[in-house]
Number of protein chains: 2
Amino acid sequence: MVDLQPDSEVIRNLRAVGLRPTRQRMALARLLFGHGNRHVTAESLYESAQRGGIRVSLATVYNTLHQFTTAGLLRQVIVDSSRSYYDTNVDEHHHFYFEDTGEIADIPSDRINSIVPTDLPDNMELSRVDIVVRLRGTA
Amino acid sequence: MVDLQPDSEVIRNLRAVGLRPTRQRMALARLLFGHGNRHVTAESLYESAQRGGIRVSLATVYNTLHQFTTAGLLRQVIVDSSRSYYDTNVDEHHHFYFEDTGEIADIPSDRINSIVPTDLPDNMELSRVDIVVRLRGTA
DNA sequence: GTGTTTGCAAAGTGTTTGCAATTTA
DNA sequence: TAAATTGCAAACACTTTGCAAACAC
């Protein structure tokens with residue numbers, strides 16, 4: 001698996017959002033943004049890092065996920081009341097959540113025209129559709 | 001505030017789902033189902049109980065929420081990745097989630113015809129709409 | 001009386017934080 | 001070298017669990 005992002009680009013992207021390009025942040029940025037969309041938890045990203053031989057603490061993974069989210073590089077996905085998931089796709093879109101495995105997949109936009117999609121992944125049945133309209137007080 | 005449910009009815013309803021009508025379960029059932037729809041967390045229900053002079057432990061509140069959910073009397077609402085909310089309305093419907101206060105309100109069904117409701121509560125603005133299509137493996 | 005349920009306290013899980021050591025600019 | 005970042009371990013919030021005492025039937 002080739003990593004197409006040169007250091008300079010990763011550095012530039014981090015600087016662009018006001019974050020110092022430390023070894024840990026660069027490595028995590030590569031894992032997250034180097035190969036298409038990902039859906040991660042702190043734990044899963046930490047494991048990816050370990051497998052990739054990246055020395056980084058779990059605390060730093062948590063901090064980095066928050067910083068990237070605040071910077072708009074990641075978006076939190078709420079599908080489980082006991083774990084936080086993060087999505088590298090920050091565009092407006094929705095998700096399949098596989099209850100059995102805890103995995104998440106983007107719903108292709110052409111399938112979400114009706115709220116309840118009729119075209120589900122193979123061997124999967126609908127558990128339920130959750131729609132949460134999140135509000136905040138006006139300024 | 002009058003409690004319209006006679007003991008016999010609460011007992012019958014609990015028995016109907018295979019749960020012994022203990023003092024704690026009856027009292028929690030009254031709190032939950034006695035006065036229209038409620039959206040609770042373990043902590044909020046525990047506080048309601050305390051305010052109402054009901055002696056029940058937090059552990060029992062957790063256990064009871066699970067039992068009621070398994071029995072189909074409650075439904076879990078996933079809006080926060082660190083707390084579990086339960087809704088006494090188990091019919092298909094959706095929610096407003098007030099990020100500032102952590103409160104939940106049902107979305108009146110006539111407002112959810114378009115995915116993004118145009119008619120929001122006063123002084124509230126849209127943070128975002130989360131749609132999660134929850135799937136499980138076929139049998 | 002027998003099996004179920006409760007309450008407590010301890011343990012568990014995911015997450016955050018204080019702070020000294022390290023790294024970046 | 002000044003400020004930001006890291007990693008560790010301790011602290012945290014929420015939730016679950018083991019087990020003896022209390023309760024329901």
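Proteins come first, then strands; the chains are lettered A, B, ... in the order of their sequence lines, and each starts at number 1. Just so it is clear, the model here is predicted, and its values are computed rather than measured.
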Geometric class of the B/His93/B/His95 ring pair [parallel <30°, tilted 30-60°, perpendicular >60°]: perpendicular
Main-chain N/O of B/Tyr85 paired to B/Thr41 side chain as donor or acceptor, under 3.5 Å: no
Any A/Asn63 side-chain heavy atom under 4.5 Å of A/Phe68 side chain: no
Nearest-Å distance for atom pair CG/P, residues A/Leu19 and C/dT23: 19 Å
Phosphate-side-chain proximity, A/Ser84 and C/dT15, N/O vs OP1/OP2 below 4.0 Å: yes
D/dG7 phosphate, OP1 or OP2, under 4.0 Å from A/Thr60 side-chain N/O: yes
Between C1' of C/dT13 and OH of A/Tyr46, the distance in whole Å: 16 Å
Side-chain (B/Arg25) to main-chain (B/Ile11) donor-acceptor, under 3.5 angstrom: no
Atom-pair distance (CG on A/Leu58; C1' on D/dA11), nearest Å: 15 Å
Rounded distance in Å - CZ (B/Phe68) to C1' (C/dT5): 13 Å
OP1 or OP2 of C/dT16 under 4.0 Å from side-chain N/O of A/His66: yes
Candidate nucleotides D/dT5, D/dT15, D/dC25, ranked by approach to the side chain of B/Ala42 - the nearest: D/dT15
Whole-Å distance separating the OH atom of A/Tyr85 from the P atom of C/dG14: 10 Å
Backbone of A/Asp91 reached by a side-chain donor or acceptor of A/Arg75 within 3.5 Å: yes
A/Ile54 CD1 to D/dG7 P, straight-line distance once rounded to whole Å: 12 Å
C/dG7 phosphate, OP1 or OP2, under 4.0 Å from B/Gln24 side-chain N/O: yes
Closest nucleotide among D/dC25, C/dG7, D/dC14 to the B/Ser57 side chain: C/dG7
B/Gln67 side chain near C/dT5 phosphate (N/O to OP1/OP2, under 4.0 Å): no
Distance-only donor-acceptor test, B/Arg20 side-chain atoms vs C/dT5 base atoms, 3.5 Å: no
Heavy-atom side-chain proximity of B/Gln24 to B/Thr64 below 4.5 angstrom: no
Between P of C/dT5 and CZ of B/Arg25, the distance in whole Å: 5 Å
Protein-nucleotide distance (B/Glu43, atom CD; D/dT16, atom P), rounded to Å: 13 Å
Side-chain N,O (A/Tyr62) to OP1/OP2 (C/dT16) below 4.0 Å: no
hydrophobic_cluster_shared for B/Leu31 and B/Ile104, side chain cutoff 4.5 Å: no
Side-chain N,O (B/Arg23) to OP1/OP2 (D/dC23) below 4.0 Å: no
Side chains of A/Asp106 and A/Asp87 in contact at under 4.5 Å (non-hydrogen atoms): yes
B/Asn63 or A/Ala59, whichever maps to the more 5' nucleotide of DNA chain C: B/Asn63
B/Thr22 side chain near C/dT6 phosphate (N/O to OP1/OP2, under 4.0 Å): yes
Contiguous Watson-Crick or G-U pair runs (3 or more, under 3.5 Å) in DNA chain D: C:1-25 with D:1-25
